[in-house]
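Each chain gets a letter, A, B and so on, in the order the sequences are listed, and its residues count up from 1.
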Protein chains: 2
Amino acid sequence: MVMVDVFRALDDETRRTILDELSSHDGQTLFEICSILAMRHNLSLTRQAISQHLGVLESAGLVATERRGRSKFHHFNPAPLAEIADRWPIQKRIQ
Amino acid sequence: MVMVDVFRALDDETRRTILDELSSHDGQTLFEICSILAMRHNLSLTRQAISQHLGVLESAGLVATERRGRSKFHHFNPAPLAEIADRWPIQKRIQ
DNA sequence: TTGATAGGCAAGCCTGTACTTGCCTATACT
DNA sequence: AGTATAGGCAAGTACAGGCTTGCCTATCAA
């Protein structure tokens with residue numbers, strides 16, 4: 001997979017939704033992510049499409065993977081987002 | 001111009017460079033931005049290309065404009081970046 | 001060893017978008 | 001009025017990226 005920067009990785013709503021899901025339920029497999037996107041987000045994408053999205057996120061460093069047996073678990077890593085905060089002023093909105 | 005979200009607007013190195021320039025020298029005109037990109041960043045783009053980039057940034061709310069006479073001044077507005085910080089944990093790296 | 005489960009690879013299609021080219025409008029100056 | 005300056009509009013091109021389809025590999029269980 002070609003290296004991808006954090007900006008490109010974030011420029012897709014499906015990938016952003018995947019990050020949302022991983023940040024609330026860490027360590028999911030590809031099939032788990034597929035069914036959650038289908039169930040909770042009405043996203044009817046093929047497994048391959050999701051897999052490619054995960055590949056982009058991983059190549060940007062936003063997702064780390066760990067393989068055990070047949071399964072591959074995906075973890076959200078927010079560290080690369082620092083590139084944005086390093087570059088421009090960014091602030092959380094008050095709730 | 002079609003509405004553009006902050007993620008799409010940031011997914012282009014030229015646009016990110018424009019934000020850098022505006023954040024250090026605010027209130028520049030299109031021609032000023034053109035020459036700075038050419039001089040300081042070796043970017044040989046046409047005026048129209050830069051103008052379209054500014055349009056994308058403006059439609060994402062990252063650039064605000066103010067017209068006086070023939071000139072149009074561009075200002076960096078980091079507020080929309082909050083959408084990123086609201087969604088995921090993001091932290092400035094220690095220098 | 002056979003079948004089921006979890007995932008990977010690669011080619012092709014199709015849309016979106018970055019960029020150029022050519023022409024047009026508006027303001028300012030002499 | 002005529003000309004230069006600052007910017008806008010719109011069509012065309014070319015390429016990147018999202019998605020699908022089809023097939024392949026690896027692990028586990030009966």
query: Base, sugar-phosphate alone, or nothing: which one does A:R67 contact when heavy atoms must sit under 4.0 Å apart?
result: sugar-phosphate
query: Between D:dG18 atom P and A:R16 atom CZ, what is the distance in whole Å?
result: 11 Å
field: A:R16 charged N/C atom sitting above B:F7 aromatic ring, 6.0 Å / 45°
entry: yes
query: Ignoring hydrogens and angles, are the base of C:dG7 and the side chain of A:R47 linked by a donor-acceptor pair under 3.5 Å?
result: yes
- prompt: Contact class for B:T65 (heavy atom, under 4.0 Å): base, sugar-phosphate, or nothing?
  reply: nothing
statement: Checking C:dA10, C:dT21, C:dG8 against the side chain of A:Q52 (C-beta onward), the nearest is C:dA10
query: Between D:dG18 atom P and A:L54 atom CG, what is the distance in whole Å?
result: 13 Å
- request: Using whole Å, report how far CG of A:D12 lies from P of D:dG18.
  value: 5 Å
Under 4.0 angstrom between B:T46 side-chain N/O and C:dT20 OP1 or OP2: yes
query: To the nearest Å, how far apart are A:R8 CZ and C:dT17 P?
result: 11 Å
field: Pi-cation contact, A:F73 with A:R67 (under 6.0 Å, within 45°)
entry: no
task: Could you check B:F31 against A:R70 and say which one's nearest nucleotide on DNA chain D is further toward the 5' end?
output: B:F31
field: Distance below 4.0 Å between B:R15 side-chain N/O and C:dA18 OP1 or OP2
entry: yes
query: Is the number of heavy atoms from other residues, nucleotides or ligands under 6.0 Å of A:E13 CD greater than 12?
result: yes
- prompt: B:S71 has a side chain; which of C:dT20, D:dT21, D:dA6 sits nearest to it?
  reply: D:dA6
message: Can you measure B:E66 atom CD to D:dG7 atom C1' for me and round it to whole angstrom units?
response: 15 Å
message: For residues A:L81 and A:I18: do they belong to one hydrophobic cluster (side chain heavy atoms under 4.5 Å, members Ile, Leu, Val, Met, Phe, Trp, Tyr)?
response: yes
statement: Quick note, A:A49 side chain, CB onward, closest among C:dT5, C:dT17, D:dT20 is D:dT20
query: Can you tell me how far C1' of C:dC9 sits from NZ of A:K72, to the nearest Å?
result: 13 Å
field: Interatomic distance, A:D5 CG vs D:dG17 C1' [rounded to whole Å]
entry: 14 Å
task: With DNA chain D as reference, determine whether A:T14 or B:T29 sits nearer its 5' end, using the nearest nucleotide of each.
output: B:T29
- prompt: Is it true that a side-chain atom of A:S51 and a backbone atom of A:R47 form a donor plus acceptor pair closer than 3.5 Å?
  reply: no
statement: B:I50 atom CD1 is separated from C:dA18 atom C1', nearest whole Å, by 11 Å
message: Check this for me: does the side-chain of B:Q48 come within 3.5 Å of the base of D:dG7 through a donor and an acceptor?
response: no
field: Below 4.0 Å: OP1/OP2 of C:dC19 and any side-chain N or O of B:H53
entry: yes
